[in-house]
Amino acid sequence: MRLYPLFADLTGLPVLVVGGGHVAERKIDMLLASGASVLVGAPSLTPALAQLAEQGKVEHYAGTFQPTWLDHVWLVIAATDDRALNAQVAASASERRIFANVVDDPALSRFQVPAVVDRAPLTVAVSTGGAAPVIARRVREALETQLEHALGPLTALAQKHRARIMQRWPDLAERRAFYDWLHDGPVMALLRNARPDDAERELLEALNATASAAPKGSVQLVGAGPGDPGLLTLRALRALNQADVILHDSLVSVDVLALARRDAERIDVGKRCGGRHTQQEQIHQLLLDQTQLGRRVVRLKGGDPFVFGRGGEEMEFLRQHGIACEIVPGVTAAVACAAYAGIPLTHREHARSVHLLTGHGKESLEAMDWPALAQDHQTLAIYMGVARLEEFTQRLLEHGRRPDTPFVIVENGTLPQQRVLGGALHELPTLAKEHAIHPPALLIIGEVAALARDHAWFGIQNDAHRTLKLGDSTHD
Ligand code: SAH
């Protein structure tokens, strides 16, 4: 290791920044945030720096660099674009045993400023010792997505109660187990859910309990999105990284499942719980059994858990059984398929509203308000409709939707094998049959669907099988 890593407490200490441009501005922001007392030396300042000087937040030495500027400072940062001047600053600092950093010049720098992930009071610093700052930046980005923001308040909470935790668990192994619980258990979950007071209460309860409680299981209802793993939320990714067991639908793509913790148990409840009637009850029972084992359960659903996903029923069931439940939304099929087909679901000229409908389920098509749905300038996004395309089309036409209203069917949306079929409403059932559309497929009806022809961008190949009849209403 070429560099010795250290974190400096600069509170109240004078630090000099030479240079008054935008680079200096960034450095000064960070120094001020750490409580340093900043002196900035430069002939002229950016407007933002000039304002800081006016407000007395930094002190301005106007003019060209003087070694006497270094008289009382602990650190210096040279942030000018004049390499000779930067070298002079570094040399003067060296003579006085003051640590100097020259921005973007590791050879002239005695100390370097790392790339930082800020979860204050937790700070992660990344450095390549100047070898390749771009790589440090990439590593920082990766950490940024991995480390949830709740780590900040969690660390602060641990700090606040540190002495009591020491006292309660003098044994190191036991204390470690407690910190694991703190990080993995309900305290962290509550912080993540923006409930800091409840989190602290939970921590204090654990501190006061005579015996450590059996670990409580928990459930996260997580939306896996439509298939493209890039559409997973950061929160969903973190849930998958921490899960002990994942109960997933058959619809969840293998690429998404591949992102989960390697040793998490995966249960395909779509397959396992065959038999229409008992299916949902079996899933409920499984959720109950797994949480009673104290496990962190992720219930992973295609798209969004609350859009035609029975997430509501599962949440109610868990609530009835006193099991903590967190909901992580996902990108629902209508939103994703429309986007990946180049269709804006609403549009100032073509659609005032969008309706999410299902062709499946308790209420039959009878119950729908067809006169309302048949009005123009609105978008219908129909889930699970493949089996009932003919009925949908017929009813809309009967109630006066124009026969030339454009439609698009997106099959396997967002996946490499995505197919998009477009045409006019009156020919929808025929075209779908001709091109053998299979679930999962999402049907979009409305004026906006015509935009797919010009704006398709995903999965288009010179392969007739993939770009099907897009917006073209003539048969071939
Ligand atoms: N909760 C899910 C919907 C579950 S219902 C969500 O929010 O997306 C299942 C239906 O969703 C399928 O029949 C299909 O109509 C639609 N669907 C889900 N994923 C899809 C995909 N990748 N492409 C097209 N349609 C999809």
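Note that this is a predicted model, so its numbers are computed, not measured. Counting convention: from 1, in listed order, for ligands and their atoms alike.
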- Proximal atoms of ligand 1 relative to V410 (non-hydrogen, under 4.0 Å): 24 (C)

- What protein heavy atom sits nearest atom 11 (O) of ligand 1, and how far off is it? Y383 CD2, 3.4 Å

- Query: Nearest to atom 2 (C) of ligand 1, what protein heavy atom do you find, and at what distance?
  - Reply: G302 O, 3.1 Å

- Note on the structure: Correct closest heavy-atom pair for T332 and Y383 would be OG1-OH, 2.6 Å

- Donor-acceptor pair, side chain of Q418 and main chain of V410, under 3.5 angstrom: no

- Item | Residue part near ligand 1, for L415, under 4.0 Å between non-hydrogen atoms | neither

- Query: So F392 and W370, would you call those rings parallel, tilted or perpendicular, with 30° and 60° as cut-offs?
  - Reply: perpendicular

- The protein heavy atom nearest to atom 4 (C) of ligand 1 is F308 O, 3.3 Å

- List every atom of ligand 1 that sits less than 4.0 Å from any heavy atom of T332, numbering the atoms from 1 in the order shown and giving each element. 6 (C), 7 (O), 8 (O)

- Message: Under 3.5 Å between any N/O of M384 and any N/O of ligand 1: does that happen in this structure?
- Response: yes

- Indicate, as side chain, backbone, both or neither, the part of A333 found under 4.0 angstrom from ligand 1 when only non-hydrogen atoms are considered. both

- Here the atoms of ligand 1 under 4.0 Å from any heavy atom belonging to L442 are 24 (C), 25 (N)

- Query: Can a salt bridge be assigned to the pair R119 and E144 using a cut-off of 4.0 Å between side-chain N and carboxylate O?
  - Reply: yes

- Item | Any N/O pair D304/ligand 1 closer than 3.5 Å | yes

- Message: If the threshold is 4.0 Å, N to carboxylate O, is there a salt bridge linking R176 and D171?
- Response: no

- Task: Look at ligand 1 and say whether A441 reaches it with a heavy atom at a distance under 4.0 Å.
- Result: yes

- Part of P305 with heavy atoms under 4.0 Å of ligand 1, whether side chain, backbone, both or neither: neither

- State whether R201 and D198 are salt-bridged, where the test is any N-O pair (Lys NZ or Arg NE/NH1/NH2 against Asp/Glu carboxylate O) under 4.0 Å. yes

- No-hydrogen, no-angle side-chain donor-acceptor test under 3.5 Å, E447 and H347: no

- Message: Taking 4.0 Å as the limit for heavy-atom contacts, which would you say applies to L251 with ligand 1: side chain only, backbone only, both, or neither?
- Response: side chain

- Item | Q280 and E314 side chains, donor-acceptor separation under 3.5 Å | yes

- Query: Quick one: which ligand 1 atoms are inside 4.0 Å of a heavy atom on V307?
  - Reply: 1 (N), 2 (C), 3 (C), 6 (C), 7 (O)

- Under 4.0 angstrom from ligand 1, any heavy atom of C337? yes

- Message: Assess the residue pair H284 and E313 against the criterion (side chain to side chain donor-acceptor pair (under 3.5 Å)); give the C-alpha distance rounded to whole Å, side-chain angles, the decisive distance to 0.1 Å, and a yes or no.
- Response: CA-CA 9 Å; H284 287 173; E313 290 164 50; 5.4 Å; no

- Query: What atoms of ligand 1 come closer than 4.0 angstrom to any heavy atom of G413?
  - Reply: 21 (C), 22 (N), 23 (N), 24 (C)

- Task: With L443 as reference, evaluate L389, L380, V386, L421 under the side-chain contact (heavy atoms from CB on, under 4.5 Å) test and give the passing residue.
- Result: L389

